[in-house]
Protein chains: 4
Amino acid sequence: MSPRRRDTEGTAAARAGRRAELLATAAEVFASRGYAATTVREVADAAGILGGSLYYHFDSKEAMADEILSTFLDDMWAAYERVLGAGLNARDTLEAIVVESFRSIDRHRPAVVIYQNESKHLATSERFRYLNESRRRFQEMWLNLLERGVREGAFRADLDAGLMYRFIRDTVWVAANWYEPGGRLSADDIAKQYLAMFLEGIQANGSQEPEPGDARTS
Amino acid sequence: MSPRRRDTEGTAAARAGRRAELLATAAEVFASRGYAATTVREVADAAGILGGSLYYHFDSKEAMADEILSTFLDDMWAAYERVLGAGLNARDTLEAIVVESFRSIDRHRPAVVIYQNESKHLATSERFRYLNESRRRFQEMWLNLLERGVREGAFRADLDAGLMYRFIRDTVWVAANWYEPGGRLSADDIAKQYLAMFLEGIQANGSQEPEPGDARTS
Amino acid sequence: MSPRRRDTEGTAAARAGRRAELLATAAEVFASRGYAATTVREVADAAGILGGSLYYHFDSKEAMADEILSTFLDDMWAAYERVLGAGLNARDTLEAIVVESFRSIDRHRPAVVIYQNESKHLATSERFRYLNESRRRFQEMWLNLLERGVREGAFRADLDAGLMYRFIRDTVWVAANWYEPGGRLSADDIAKQYLAMFLEGIQANGSQEPEPGDARTS
Amino acid sequence: MSPRRRDTEGTAAARAGRRAELLATAAEVFASRGYAATTVREVADAAGILGGSLYYHFDSKEAMADEILSTFLDDMWAAYERVLGAGLNARDTLEAIVVESFRSIDRHRPAVVIYQNESKHLATSERFRYLNESRRRFQEMWLNLLERGVREGAFRADLDAGLMYRFIRDTVWVAANWYEPGGRLSADDIAKQYLAMFLEGIQANGSQEPEPGDARTS
DNA sequence: CATGAATGAGTGTTCATTCAT
DNA sequence: AATGAATGAACACTCATTCAT
């Protein structure tokens, strides 16, 4: 490898690296202060540069949000596609999707927070139309999955499908607001517990802690 | 009753009515556009007056948010207190609290949305310190309730209490984002379905539709 | 006339008056410093208010330029139409058009300067498309007029029509750069002298001293 | 001649060539977009380099305009001096000056456009004081020439000298805005036609159509 | 010679707020 | 109660300029 080639690679890599670095910083700040309430200067301060300097790397504040969100969504959907293509039954698919969702939160926590809090407003702009498309696709995926689960006898038939969908969707994504990567519980730990709650409920019963004299029956 | 007195009363009542009217409008607009992204002029436009005229009724934009949120929280806590003072067991208390939460959403939907989306940022200001206090009180109430439920044998002991707390809290409040008062499902309907999901899970099993050979036990 | 009515009229008139006042100030500043090089604050300073206050009256800097230019063009074309509809021969029409042009300069000097210096750049924006239309219409009018004059035997046939058109057009409008309303020479004085130069040339010769059989009197 | 010397010469020549190239590009862009409205990056883009790289060649944006304008003015005045030193009568001097002016436009079209549009604003800066001097010298030259022409019986005495001066000055220079080098009419063609208009007017009369004893043919 | 990244002052514009009427 | 006009600080963004490489 010639020094020249190494140089070029280093430069290209460095550029991409700087971009990613700045985006990570911006995502963090947008997530914690809110996109609309965050000034470009605050992002720049957090990155240790001046406000105007961000515009060397990005076209606009909107462009930053765009890149943050689309990177997250692309990554998340890639993971979802792998799961959906695996030919699992509804129950196992749901488990895998939930696990992948928490892993997405783990990898893109600030982006998920932004998605959660701002996508409704952002989606009114042409540039963020893909947020609506993602939302539609997401809803379709979940409704299909839940209906299939009911047909397969894996999920209850007495619950409103639309409600179940919102219930799971909201609960998973909103967790990004408090999840801390590297904390006491890993993303997979949390996924496991959430699945237990989703699937079996928080109520004590025989099949969970098999013992006579369960309070529910008293 | 002199005409004068009646006049004064009428004026006072009218003033209070106008205030409430404007607050309702402001809450709607804050909820749909986001507090930070909403301009005072947008609120005024929605109310059919000019921007400056709002300052006859309110000291500031912050004061509007303050009144919207504290009105909602006062009302919600009053309902919670009634439940907590009723001497119910943990399981019934949980059901009643969830029901009251959805009723709060029904009565204060825009305020709940604002609370959900903005309280984290607003709470950094002195004026909104009570948001943090409410949050602490809320968390304490739930953790106590869940622990009591475990002791009473009503709730599973194998789940992380903190996780259960967040699970229920988030799921209930975030519903304000899509709930439409007067829609297909009433607040009480939704509460009932949510409770079914929380307590029993979405998975088909014997305790819900008792049948031998349930997949879970095989 | 009731005081009420007078009040309303006064308010409406005052509003229109303020607008016109600010536009006149803006036109002056744009004309003297150049549109692009003029800051909104400079316009505001000249008007004795703060930069942001201009935005109560106008949507944008561009909107000011727009209103300045379109007001001028509307007024000018109205005057031209009166002339063109009067059924004069080419020679008299040319004189009247030139006179009206200098009167337009007299009434809208700063606007004419802006038109002269900035219309080429402004016209690239959608909003100022009418500048190009006006230019096209202007050119058509002049070429028709000059050709008609040649047919009527009033103007020389040995000169390039396009060149004649540009010659007159440029020379008239560029005069806005130095013309001072209320100066030594009135707009009509200057028009008369310019017509003498256009029509007869600056060269001394016999045809300028009236003699029988002059084409102008035929 | 050593390779070294040749190299140095080549480099020096190349540098001067690159400079001239960049200046020509800059002049073109300044002329078409307006000096104030043109960004250094636009100039650099047009030259195929990055914005910062221009600063290897020039100290500042102002320095580019300076060099563009002074090069043009030096060249133009050199041509004027040759004419003025030739001992011609007023009439022939005027013709020669006009011809040289159109040749200057031919050689320096973008510079003339910049001069026309921006010199008023630029001249307020110390660095461009020479623009005012050139203007004064220009005016003096023309007024002297016109007055001499009147004394020599070549030009009409019934026209305002100041007006005649502005008339010719404006009309000639403003032509740079539409003149295209290499177009249908050469600079000398246009000069000839303009002189015909200036001197004889556009009005048809007997003296323009060749007849015995015509002053033009004598 | 040129680049890539940054600077920092300034630009058009927004907006919560004020206040005389 | 509400208006109309203004304020002034802040904002997103631009741009001439610098400089290490």
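Protein chains get the first letters and strands the later ones, always in sequence-line order, with residue 1 at the start of each. The figures that follow rest on heavy atoms only: side chains count, while hydrogens, waters and symmetry mates do not.
- A:D45 has its CG atom 15 Å from the C1' atom of F:dA12, to the nearest Å.
- Side-chain contact between B:Y130 and B:S70 is present, with heavy atoms from C-beta onward closer than 4.5 Å.
- Taking atom CZ of residue A:R19 and atom C1' of nucleotide E:dG4, one finds them 14 Å apart after rounding to whole Å.
- Atom CG in A:L50 sits roughly 16 Å away from atom C1' in F:dC11 (whole-Å rounding).
- In this entry the distance linking CG of D:L54 with C1' of F:dC19 reads 16 Å, nearest Å.
- In this structure the side chain of A:P110 never reaches within 4.5 angstrom of the side chain of A:V113, judged on heavy atoms.
- Paired with A:L23 under the rule side chain to side chain contact (heavy atoms under 4.5 Å, CB included), one option of A:R18, A:E28, A:E67, A:H57 passes, and it is A:E67.
- The P atoms of F:dT21 and E:dC1 are separated by 22 Å, rounded to the nearest whole Å.
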Between the protein and nucleotides 12-16 of chain E, are there any N/O to N/O pairs under 3.5 Å, and if so, what are the atom names and distances?
residue : atom : partner : partner atom : Å
E:dG12  : OP1  : C:T38   : O            : 3.0
E:dG12  : OP1  : C:K61   : NZ           : 3.1
E:dG12  : OP2  : C:V40   : N            : 2.8
E:dG12  : N7   : C:R41   : NH1          : 3.2
E:dT13  : OP2  : C:Y55   : OH           : 2.3
E:dT13  : OP2  : C:K61   : N            : 2.8
E:dT13  : O5'  : C:Y55   : OH           : 3.1
E:dA16  : OP1  : B:T38   : O            : 3.3
E:dA16  : OP2  : B:V40   : N            : 2.6

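- Rounding to the nearest 0.5 angstrom, the gap separating the CZ atom in B:F128 from the NE2 atom in B:H121 is 13.0 Å.
- Using a 4.0 Å heavy-atom cutoff across all strands shown, A:I49 reaches sugar-phosphate atoms only and no base atom.
- Listed nucleotides: E:dG4, F:dA2, E:dA6. Nearest to the side chain of A:H57: E:dA6.
- Whole-Å rounding puts the B:Y56 OH to E:dT21 P distance at 18 Å.
- For the pair B:E62 and B:D66, the minimum side-chain heavy-atom distance is 4.5 Å or more.
- Phosphate proximity of E:dG4 to A:R18: absent, as no side-chain N or O sits under 4.0 Å from OP1 or OP2.
- In this structure the side chain of D:Y35 reaches within 4.5 angstrom of the side chain of D:K61, judged on heavy atoms.
- Residues A:E42 and C:L22 each lie close to DNA chain F; by heavy-atom proximity, the contact nearer the 5' end of the strand is made by C:L22.
- Following rounding to the nearest Å, D:R127 (CZ) and F:dA16 (C1') show an atom-to-atom distance of 14 Å.
- Figure legend. F:dA20 is base-paired to E:dT3; pairs are counted as Watson-Crick or G-U wobble with both atom distances under 3.5 Å.
- In this pair, A:F72 and A:H108 present their aromatic rings tilted. The plane angle is within the 30 to 60° band.
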